[in-house]
Amino acid sequence: MNLILLGAPGAGKGTQAEIICEKLNIPAISTGNMIREAMKNGTEMGQKAKSFVEGGNLVPDEVVIGIIKERLALEDCQKGFILDGFPRTVPQAEALDKMGVRIDRVIDIEVPDAKIEERLSGRRVCEKCGASYHVLYKPSAKGEQCAKCGGNLIIRKDDQPATIKERLKIYHEQTEPLRGYYGRTGKLVTVQGQEDIAETSRLTLAAVEA
Ligand code: AP5
């Protein structure tokens with residue numbers, strides 16, 4: 001099964017990608033995580049991406065398309081994959097089509113903007129392994145430390161209120177048109193994502209299995 005998860009920043013794509021990955025045993029590919037890892041390691045791409053990410057802007061299409069092309073060529077994607085955060089612009093979706101990648105389903109997780117702001121301002125991530133938590137909705141069993149590796153939990157730079165607003169603006173301008181793009185293929189399923197994580201994952205898994 002080759003899946004795309006669409007949705008606004010903070011809609012819960014990463015959370016649901018992790019759940020589907022465990023359930024179907026296929027890799028969850030997050031361009032956001034790959035870019036953050038490159039920034040942490042100070043690679044050439046990471047250095048180029050830093051100012052875009054921290055300002056809440058999208059990284060240029062050609063950079064992200066290159067990352068995805070290399071990642072999808074790896075062996076573990078041959079039995080299926082979940083794309084979390086890619087494509088995010090119409091040119092990225094067109095590039096995926098040009099690569100000849102078959103997509104079985106596109107799941108759009110719909111969450112109102114006001115809820116997004118609440119979710120992102122309460123998100124904490126592990127600075128060591130990148131695991132994601134929420135102070136109210138998904139607290140770490142180890143308090144201020146990561147339940148998986150014991151690393152410190154921090155606030156992402158792009159989760160500051162002004163940057164969240166910028167990310168939402170860019171989402172509405174550049175990513176939302178993908179609903180129309182995939183709607184025309186008949187593969188788009190919309191899932192209401194404003195309920196808690198368990199209910200959203202019930203709806204998302206039903207959409208995957210439909
Ligand atoms: P990326 O990391 O992909 O950021 P994003 O799309 O803005 O998504 P988030 O990670 O913020 O949110 P999410 O939807 O995964 O939500 P989560 O599950 O964490 O990208 C970062 C940056 O990299 C971009 O801004 C851009 O610069 C660059 N980039 C990445 N891909 C790119 C591309 N293709 N093209 C160009 N640039 C690209 O949930 C959010 C919080 O809510 C968590 O705390 C979670 O615990 C909580 N939560 C989740 N679900 C629920 C629920 N149902 N109820 C209550 N709380 C919930």
Side-chain angles (χ1 to χ4, degrees), residues 1-14 16-18 20-21 26-109 116 120 123 125 130 132 156-160 162-185 187-188:
M1 174 76 87
N2 299 342
L3 294 170
I4 291 176
L5 293 184
L6 289 182
K13 301 180 297 295
Q16 296 306 321
E18 200 179 321
I20 302 168
C21 162
I26 51 175
I29 299 169
S30 158
T31 39
N33 286 348
M34 291 163 86
I35 293 167
R36 275 186 293 279
E37 190 63 22
M39 283 163 54
K40 198 165 118 189
N41 295 332
T43 66
E44 199 186 327
M45 188 277 276
Q47 286 174 19
K48 264 192 214 155
K50 197 171 185 326
S51 62
F52 293 103
V53 174
E54 292 184 352
N57 295 305
L58 294 181
V59 172
D61 285 338
E62 63 274 16
V63 175
V64 198
I65 291 165
I67 297 177
I68 280 293
K69 209 171 188 171
E70 279 183 21
R71 183 62 187 88
L72 290 179
L74 298 184
E75 183 59 33
D76 65 340
C77 292
Q78 306 319 309
K79 58 182 179 172
F81 54 79
I82 308 151
L83 289 178
D84 157 18
F86 184 96
R88 251 183 160 93
T89 63
V90 170
Q92 291 180 18
E94 288 168 346
L96 196 59
D97 288 344
K98 277 195 202 119
M99 283 177 223
V101 176
R102 187 196 81 240
I103 297 298
D104 299 306
R105 197 143 307 153
V106 180
I107 298 174
D108 183 29
I109 307 176
I116 294 284
L120 290 183
R123 175 163 60 187
V125 293
S132 175
R156 261 168 58 173
K157 281 215 172 105
D158 58 347
D159 280 348
Q160 304 300 329
T163 319
I164 294 172
K165 286 206 184 321
E166 184 60 21
R167 287 163 67 199
L168 277 170
K169 182 172 161 271
I170 289 174
Y171 164 75
H172 291 301
E173 286 168 3
Q174 298 197 40
T175 308
E176 226 167 31
L178 290 175
R179 285 181 178 169
Y181 186 92
Y182 287 114
R184 288 188 284 278
T185 67
K187 291 176 182 164
L188 181 76

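All residue numbers refer to positions in the sequence shown, counting from 1. These values consider heavy atoms only, across backbone and side chains, with no hydrogens, waters or symmetry-generated copies.
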Derivation of the side-chain contact (heavy atoms from CB on, under 4.5 Å) call for Glu37 and Met34
CA-CA 5 Å; Glu37 190 63 22; Met34 291 163 86; 5.6 Å; no
Which is it for Val125 and Asp159 under the side-chain contact (heavy atoms from CB on, under 4.5 Å) test, yes or no, and what are the steps along the way?
CA-CA 11 Å; Val125 293; Asp159 280 348; 5.8 Å; no
Kindly indicate, with the supporting measurements, whether the criterion side-chain contact (heavy atoms from CB on, under 4.5 Å) is fulfilled by Val59 and Lys48.
CA-CA 9 Å; Val59 172; Lys48 264 192 214 155; over 6 Å; no
Take Asp97 and Tyr181, measure what side-chain contact (heavy atoms from CB on, under 4.5 Å) needs, and give me the verdict at the end.
CA-CA 11 Å; Asp97 288 344; Tyr181 186 92; 2.4 Å; yes
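Within the 3.5 Å criterion, the main-chain N or O of Ala8 finds a donor-acceptor partner in the side chain of Lys13. Between the side chain of Thr163 and the backbone N or O of Gly56 there is no donor-acceptor pair closer than 3.5 Å. A donor-acceptor pair is defined here as one N or O able to donate and one able to accept, closer than 3.5 Å; such a pair exists between the side chain of Arg167 and the backbone of Asp158.
Atom CZ of residue Arg71 and atom SG of residue Cys77 lie 4.0 Å apart, to the nearest 0.5 angstrom. A distance of 11.0 Å separates CG of Asn41 from CD of Gln47, quoted to the nearest 0.5 Å. Considering CD1 of Ile68 and CD of Gln92, their distance stands at 8.5 Å, rounded to 0.5 Å. Here OG1 of Thr89 is found 7.0 Å from CD of Gln174. Values are rounded to the nearest 0.5 Å. Note that the CD1 atom of Ile67 and the CG atom of Leu72 stand 11.5 Å from one another [nearest 0.5 Å]. Atom-to-atom distance recorded for Thr185:OG1 and Arg105:CZ is 11.0 Å, nearest 0.5 angstrom.
Residues Phe81 and Ile26 approach most closely at N-CD1, 3.8 Å, considering heavy atoms. Closest approach of Thr31 to Arg88, counting heavy atoms only: OG1-NH1, 4.3 Å. Heavy-atom minimum distance, Ala93 versus Leu178: CB-CD2, 3.7 Å. Between Arg102 and Asn2 the shortest heavy-atom distance is O-ND2, 2.9 Å. Here the closest non-hydrogen pair linking Pro91 and Asp61 is CB-OD2, 3.4 Å. Of all heavy-atom pairs spanning Tyr182 and Ile4, the tightest one is OH-CD1, 3.5 Å.
For Lys79, the NZ atom is densely surrounded, since the number of other residues' heavy atoms within 6.0 Å is greater than 12. No more than 12 heavy atoms of other residues, nucleotides or ligands shown are found within 6.0 angstrom of NZ on Lys165. Heavy-atom contacts from other residues, nucleotides or ligands closer than 6.0 Å to CD of Gln78 number more than 12. Annotation: Lys40, atom NZ; neighbour count of heavy atoms from other residues, nucleotides and ligands within 6.0 Å is above 12.
At a threshold of 4.5 Å between non-hydrogen side-chain atoms, the residues Leu96 and Leu83 count as touching. In this structure, Leu58 and Tyr171 have side chains that are not in contact, with every pair of non-hydrogen atoms separated by 4.5 Å or more.
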